[in-house]
Number of protein chains: 2
Amino acid sequence: MPRGPYICGLDAAMDIVGGKWKALILWELKDQPRRFGQLRQSLTGISEKMLIQRLRELEADEIVYRKVYAHVPPKVEYGLTEAGTALHRALLPLAHWGERRMEALDEQTAGHLTVVDDPSPSPWAARSA
Amino acid sequence: MPRGPYICGLDAAMDIVGGKWKALILWELKDQPRRFGQLRQSLTGISEKMLIQRLRELEADEIVYRKVYAHVPPKVEYGLTEAGTALHRALLPLAHWGERRMEALDEQTAGHLTVVDDPSPSPWAARSA
DNA sequence: GTAACCAGTTACCAATTGGTAAGTAATCCC
DNA sequence: GGGATTACTTACCAATTGGTAACTGGTTAC
């Protein structure tokens, strides 16, 4: 974790949200707080170690809060802070751009039957000579 | 590079712009195309290897174009494609969020003289018990 | 007594990422 | 012939990141 000094605002923002899973965790919390186990289930493929690590980082950056209930078995709740909500709003345009891009990529591969493991470079990836 | 399948649009977007330096390269190209050497100078601290790698990835993703002039000594120009410009626009709110956050962090450390290497956790990073 | 529950923690290992530094290629200029 | 210029390429090494799997702790239910 470099933690600045940052060249620009985007640099600072990417430092927080750029790590693997971090944006996805934010997305999972955008509507309501979640328990640890719920996050682990929603983010299919994440390991417990990673989830904890990322949550701790986001917590240290004041993006998510962590609320522990004195229950047995344990109950811990994660949710967005005010800064986290603002960050989520700032990410909306980027998310939309990504969706439109995914649609475009789908169209690229549509219309071809059995396009599997084609070794030739796709025309849109061609390097300008 | 995982290259999908993506969980959501933000996932796809972060896959492209999440790598180290990538957002900064985008920023450097936002107003006008740049030559390789110019980028290397502007992005202080980047190694030639990294710069090339990131540029190639952004090029393969159709975010930047690469134009080679048949000159000696060589001249290569990098600039934003249409998709790259759209991506830059989508990143503006995030950049603003980052700027406001940097200001907030500056205010945190302002007012203290010789606040250097303080081992105690800052209050805004405290973990909720 | 012991199994289940939840939210972690820990140890160990593999893969990816990033840095340094030297080399390459083509041409012009002296 | 030799140096300067520009945009890379390559080899090698260190650091960071990420994965797997086993273990912990306190309480309740059987």
Side-chain angles (χ1 to χ4, degrees), chain A residues 1-4 6-7 11 14-25 28-29 33-61 64-79 126-129, chain B residues 1-7 11 14-25 28-29 33-61 64-79 127-129:
Chain A
M1 293 288 127
R3 263 56 186 131
Y6 300 122
I7 298 175
D11 193 14
M14 292 303 300
D15 190 30
I16 288 177
V17 84
K20 199 177 172 183
W21 297 111
K22 279 184 161 183
L24 265 23
I25 292 175
E28 207 55 42
L29 298 178
R34 293 288 193 181
R35 296 183 60 179
F36 179 82
Q38 292 178 313
L39 288 174
R40 189 185 40 202
Q41 282 191 302
S42 307
L43 304 167
T44 42
I46 197 173
S47 66
E48 291 192 344
K49 194 186 77 168
M50 285 309 308
L51 181 52
I52 284 284
Q53 269 185 21
R54 297 309 172 208
L55 284 172
R56 294 271 196 266
E57 289 167 10
L58 291 171
E59 191 196 347
D61 288 331
V64 311
Y65 67 84
R66 176 176 182 267
K67 189 174 177 185
V68 180
Y69 294 84
H71 288 175
V72 169
K75 175 176 174 181
V76 181
E77 183 184 285
Y78 294 92
R127 191 158 304 152
S128 49
Chain B
M1 295 285 129
R3 263 55 186 131
Y6 301 122
I7 297 175
D11 194 14
M14 291 305 299
D15 190 30
I16 288 177
V17 84
K20 198 176 172 184
W21 296 111
K22 278 183 160 184
L24 264 23
I25 291 174
E28 206 55 41
L29 298 177
R34 292 287 193 181
R35 297 183 60 177
F36 179 82
Q38 291 179 314
L39 287 174
R40 188 187 41 202
Q41 282 192 304
S42 307
L43 304 166
T44 42
I46 197 172
S47 66
E48 292 191 345
K49 194 186 78 168
M50 286 308 308
L51 181 53
I52 283 284
Q53 269 184 21
R54 297 308 172 210
L55 284 172
R56 293 271 195 262
E57 288 167 10
L58 292 171
E59 190 196 348
D61 288 331
V64 311
Y65 68 84
R66 177 176 183 267
K67 190 174 175 184
V68 180
Y69 294 84
H71 288 174
V72 169
K75 174 176 175 181
V76 180
E77 183 184 285
Y78 294 92
R127 188 160 304 152
S128 50

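FYI, side chains are in, hydrogens and waters are out, and symmetry mates aren't considered; it's all heavy atoms of this structure. Quick note on labels: first sequence line is chain A, next is B, and so on, each numbered from 1.
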I need the [atom1]-[atom2] distance between [X] and [N], as an integer number of Å.
| X | N | atom1 | atom2 | result |
| --- | --- | --- | --- | --- |
| B:F36 | D:dA7 | CZ | C1' | 6 Å |
| A:I46 | C:dG8 | CD1 | C1' | 14 Å |
| A:Q41 | C:dC5 | CD | P | 12 Å |
| B:M50 | D:dT16 | CE | P | 15 Å |
| B:L51 | D:dC8 | CG | C1' | 10 Å |
| A:I52 | D:dC23 | CD1 | P | 20 Å |
| A:Y78 | C:dC6 | OH | P | 15 Å |
| B:R40 | D:dT5 | CZ | P | 12 Å |

The reported gap from CD in A:E59 to OH in A:Y78 (rounded to nearest 0.5 angstrom) is 6.5 Å
side-chain N/O [X] vs [N] OP1/OP2, d < 4.0 Å:
| X | N | result |
| --- | --- | --- |
| B:Y69 | C:dT27 | no |
| B:R56 | D:dA7 | no |
| B:R35 | D:dT6 | no |

Ranking C:dG19, C:dG8, D:dG19 by distance to the side chain of B:K20, first place goes to C:dG19
Checking D:dC8, C:dT27, C:dG8 against the side chain of B:V72 (C-beta onward), the nearest is C:dT27
B:S47: which residues meet the side chain to side chain contact (heavy atoms under 4.5 Å, CB included) condition with it, sequence neighbours left out?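 Applying side chain to side chain contact (heavy atoms under 4.5 Å, CB included) to B:S47 gives B:K49, B:M50.
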- Of all residues at least two apart in sequence or in a different chain, which pass the side chain to side chain contact (heavy atoms under 4.5 Å, CB included) check with A:R40?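 In terms of side chain to side chain contact (heavy atoms under 4.5 Å, CB included), with neighbours along the sequence ignored, A:R40 is linked to A:F36, A:E48, A:L51.
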The single option from A:L58, A:L39, A:L43 that satisfies side chain to side chain contact (heavy atoms under 4.5 Å, CB included) with A:W21 is A:L43
Nearest-nucleotide check on DNA chain D, A:P73 vs A:G19; residue mapping nearer the 5' end is A:G19
Within-4.5 Å side-chain heavy-atom neighbours: A:M14 and B:V17: yes
Under 3.5 Å between N/O atoms: give me all the protein pairs with nucleotides 21-25 of chain C, atom names plus distance.
none

message: Please find the pair of heavy atoms, one from B:Q38 and one from B:P33, that lie closest to each other, and give the distance.
response: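 Looking at all heavy atoms of both residues, the closest pair is OE1-O, 4.5 Å.
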For residues 68-79 of chain B, the salt bridge (Lys or Arg N to Asp or Glu O under 4.0 Å) pairs (sequence neighbours left out) are none
